[in-house]
Each structure stands twice: as C-alpha cells, then as structure tokens.
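This report refers to the structure that appears directly beneath it.
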Amino acid sequence: MSSTERDELKSAGIVDHVLAKPVRLSGLITCFQEAIGYRNKKQVTRGKPSILGSLLTGKHILVVDDNVINRRVAEGALKKYGAIVTCVDSGRLLAHLNPPHKFDACFMDLQMPEMNWTTRQVRNLENKYNEKVDSGELLPSMCAKVAHWHTPILAMTADVIQATNEECMKCGMDDYVSKPLEEGKIYSAVARFFKSVPLLVVENESRCPDSWLPLLLLDDLAAHPKHLHLPFELLYSIKIDLQH
Amino acid sequence: MEIVAKLQKQFMEFISALYREGFLDDQFLQLQKLQDESNPDFVFEVVSLFFEDSEKLINNLAAALQQPVVDFKQVDSHVHQFKGSSSSIGAQRVKNACMAFKSFCEEKKIEGCMQCLQHVKHEYFLVKNKLETLLRLEQQILAAGGRIPDLS
C-alpha cells in the first residue's frame, strides 16, 4: 500500500491508522497515541464531536417519519455524524426492516399511527429469520451481517412523559430519543448499540496474535475500501474465514 | 463601512430580534449548526419544505373546517402535523398557536377552531416573511464574499 493510499484511507475517516509490517510494539503504541491525538485535534479544529462521529460513521440508519420536514431534519442531524441515512414514511418500514437488510439501526417517530403494531411485525420477522438460522434451514450468509437479528429501533418523540419508555419497550422498541435530535441525545441512545472501535489496517498480515483480531483488517480488505464500511462483526468473521 | 461587515451586522440584529420576539427558538439555531460545507443549502431546503407543507396544511384545515359535519379527528391530525414541522424548524409562535388549536379540536369547538386557524395562519405568514428576509440577507452576505456570522 502506498503512502498516498494510506493518507486517503485516513483522511476519508475510514481508518484511524495504517500500521506497517512487521508490527512492532513501538509502532503500535505510536499508532494508538496518534489515533487518540488525531481525534482530539479534529474536535478542536472542526468543532465536530468526533466521538459521535466514530460511532455513526458508515452506519446505515433508517429514519421513519410521516412528516417530510421532520424526516429531513433527522436526516441532517444523523448525516452530520457520518451516518448513511435512508428516509421513508411509515408505510415503507416493514419492507425495509425485513431481514436480511443493511440497516444498523432505525429511528422512528412514535406518534405515527400503527407504530406499535409495525414494530411488533418487525420483531416477528426477525424471530422467524432467527429460528430458520437456528434450525439450520438458513445459513447466516455474508449478506446477512449477523447470525441473530435484532435491529435497534429507537423511537423519536416530542413529548417525553413517564409512560413513554414503558410504552416503547412494550411494543419491542429498544429506547427513545426526545425530539428535536441533538448530538448528546443521539450519542446516549446509540452508544449502547454501536461500539466505538479504532480500526487499523495491517498490511500483508498472516500471523497476528489472536487477541488482536478484533482490531485488525486484512490487507485484502484495505485494497477495497468499500468493504471498510462493513459492520465490525462481519470484518471479524471474514478474517476468521480467510484464516481457515 | 465595508459592505460585508454592514450586511453581517444587519443579519445579527435581524436574527437576534427574531429570537427576542419569539418567532424562532433554539431549534432554528440547531438547524443552522447542521449546515456545513458538505450540506450548504440545508437550512434553505428545510425552510422551503416548511413553506410548501404549511400552505398545503392551511388549505386542508380551511377545507376541513368548512364541512357541514366537521371531522375533528382529521382536523387534529393536520394540526398535529403542523405542530411537528413548526417545532422541527423552530417556528415557536406557530408551534404555540398549533398547541392552542389542538385543545379546541379535542373539545370539538368549531368557533375556537376557526379562530385558531386564523391565528395560526397569521403567525405562519409573519414567520414566513421574516425567514425570507433572513435567507435573503444570507444570500447577500455570501454574494458579497462574506461568511454567515456564527450565532452560538
């Protein structure tokens, strides 16, 4: 990998650092330090909260709201932190959350009609899919990012009352965010679901210590930057597959 | 005084008055923060959507209230939508007018609803006018090679 390619990956925010082989402890330390320092610097100069950015970058988020203005505002707020946003109205929700799909999470307006029913339908579809995987009828393939489907569904609501949380849980939602969406609120809602992991690219790696696996991407993947937006779990499993 | 600085001063005075007089609230500030180089027309786009949607809602509300038998559930759903979008854009006085409107819907009081529609309409056209002036000032600042002053 040329230094230009490395810089491209880094400046696109896809990886935090590219580690040259052979991996040495000193190099690893420098790279972690740089990863942390780089973030701090970015926060100061661009005024962007990169903590939320590191959680949301490259994540596919489905926004469901019947009000076109609310939809556009929610989209703007999530895109600001690097998420790839798809907006639909309530009628299109089920079609989008039928597994396997690409979405890492869904933000939906709580006040839309039939939302409780629709959320339960999503959970039913997921359960059916999971049962098929468990019974061996379906293999969790590459396009199915995870073996067990449970898309985090977060309700967006303007009026947060005591009963809101209970109501959301009862119909199978995971949490709620009060509207309008703001950085802090989005962060605390998604932090439970998305891990903030510094990604490293190791060139030509064939014998990484096992304990590093979660942090490392194969050179093959680095050569195809589009793959770098795959969810973390999938990268991990590709690494395992290629090793065996 | 240099033209850009003059326009910027005018912009700051104008927007401060909009907050002071309650036309806009913090949510509009949030919208402006979401606008950046990668998304330069965000506020303009959202405000235009708001104009388009609001005028449609006002017409729908007027039509619904003129029916021989008024369907208050339908009126309430239009008002709910109006309340949601005015709140998303930070048009505080329209939002407040919608909240009063909603309580008359719940009580099924036609007279109150008619008055509220006039009030909502009045507030909407006021804020529309203000927002158009604000966006025009922004355009003038950019055209003169200046930057939109940071509001926070």
Side-chain angles (χ1 to χ4, degrees), chain A residues 11-13 42-43 45-50 52-53 56-58 61 63-85 87 89-90 107-115 155-161 177-187, chain B residues 24-57 60 73-74 76-92 94-96 98-99 102-103 124 127-128 131 147-148 150-152:
Chain A
S11 62
K42 197 159 71 177
Q43 200 159 7
T45 53
R46 293 168 70 189
K48 274 191 190 176
S50 58
L52 183 55
L56 285 183
T57 295
I61 309 279
V63 170
V64 188
D65 200 315
D66 283 341
N67 183 323
V68 62
I69 295 128
N70 296 357
R71 216 152 59 202
R72 187 71 190 84
V73 172
E75 182 188 15
L78 292 164
K79 268 191 178 165
K80 175 99 180 169
Y81 304 108
I84 304 162
V85 184
C87 290
D89 59 32
S90 55
F107 283 74
M108 70 158 83
D109 176 38
L110 191 62
Q111 267 91 31
M112 293 183 294
E114 307 288 328
M115 272 307 101
M156 301 180 285
T157 174
D159 329 283
V160 179
I161 46 167
V177 202
S178 65
K179 280 201 273 192
L181 301 188
E182 281 160 18
E183 184 214 341
K185 293 180 196 166
I186 303 174
Y187 181 83
Chain B
L24 298 178
D25 63 21
D26 278 355
Q27 179 54 20
F28 190 76
L29 213 78
Q30 292 292 331
L31 286 190
Q32 295 207 305
K33 281 186 195 161
L34 292 179
Q35 181 164 293
D36 56 24
E37 316 84 60
S38 66
N39 206 357
D41 298 321
F42 183 69
V43 175
F44 180 79
E45 209 183 296
V46 174
V47 167
S48 307
L49 276 175
F50 175 68
F51 291 163
E52 208 178 292
D53 196 58
S54 301
E55 276 149 51
K56 200 175 71 200
L57 284 169
N60 289 347
K73 227 179 137 184
Q74 195 198 10
D76 184 73
S77 108
H78 291 319
V79 180
H80 182 82
Q81 163 106 351
F82 210 165
K83 186 187 138 211
S85 46
S86 53
S87 151
S88 264
I89 200 169
Q92 189 172 225
V94 176
K95 183 184 82 183
N96 292 343
C98 286
M99 283 157 82
K102 265 178 87 76
S103 54
Y124 164 71
V127 80
K128 182 185 181 188
L131 284 169
R147 290 190 54 175
I148 310 296
D150 192 358
L151 300 157
S152 43

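Order of the sequence lines fixes the chain letters, A, B, ..., with proteins taken first and strands second; residue numbering starts at 1 for each chain.
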Practice task
Heavy atoms only, distances under 4.5 angstrom: which of A:N67, A:D65, A:L181, A:D109 has the most pairs with chain B? Name it, please.
Solution key: A:N67

Sort [X] into side chain, backbone, both or neither according to what part of it lies under 4.5 angstrom from a heavy atom of chain A.
X     : answer
B:Q27 : side chain
B:S85 : both
B:L49 : both

Using atom types as modelled and distance alone, determine if a side-chain donor or acceptor of [X] lies under 3.5 Å from a backbone N or O of [Y].
X     : Y     : result
B:Q92 : B:D25 : no
A:K80 : B:K33 : yes
B:D26 : B:L29 : no

Handout entry: Charged N-O contact under 4.0 Å between B:D76 and B:K73
Key =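 Result for this pair is no, no salt bridge flagged.
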
Practice task
Look at B:E45, B:E52, B:K83, B:H80 and state which one has the largest set of heavy-atom pairs under 4.5 Å with chain A.
Solution key: B:E45

Exercise for the section: Please state whether the rings of B:F82 and B:F50 are parallel, tilted or perpendicular, taking 30° and 60° as the class boundaries. Expected result: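 It falls in the tilted class, 30° to 60°.
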
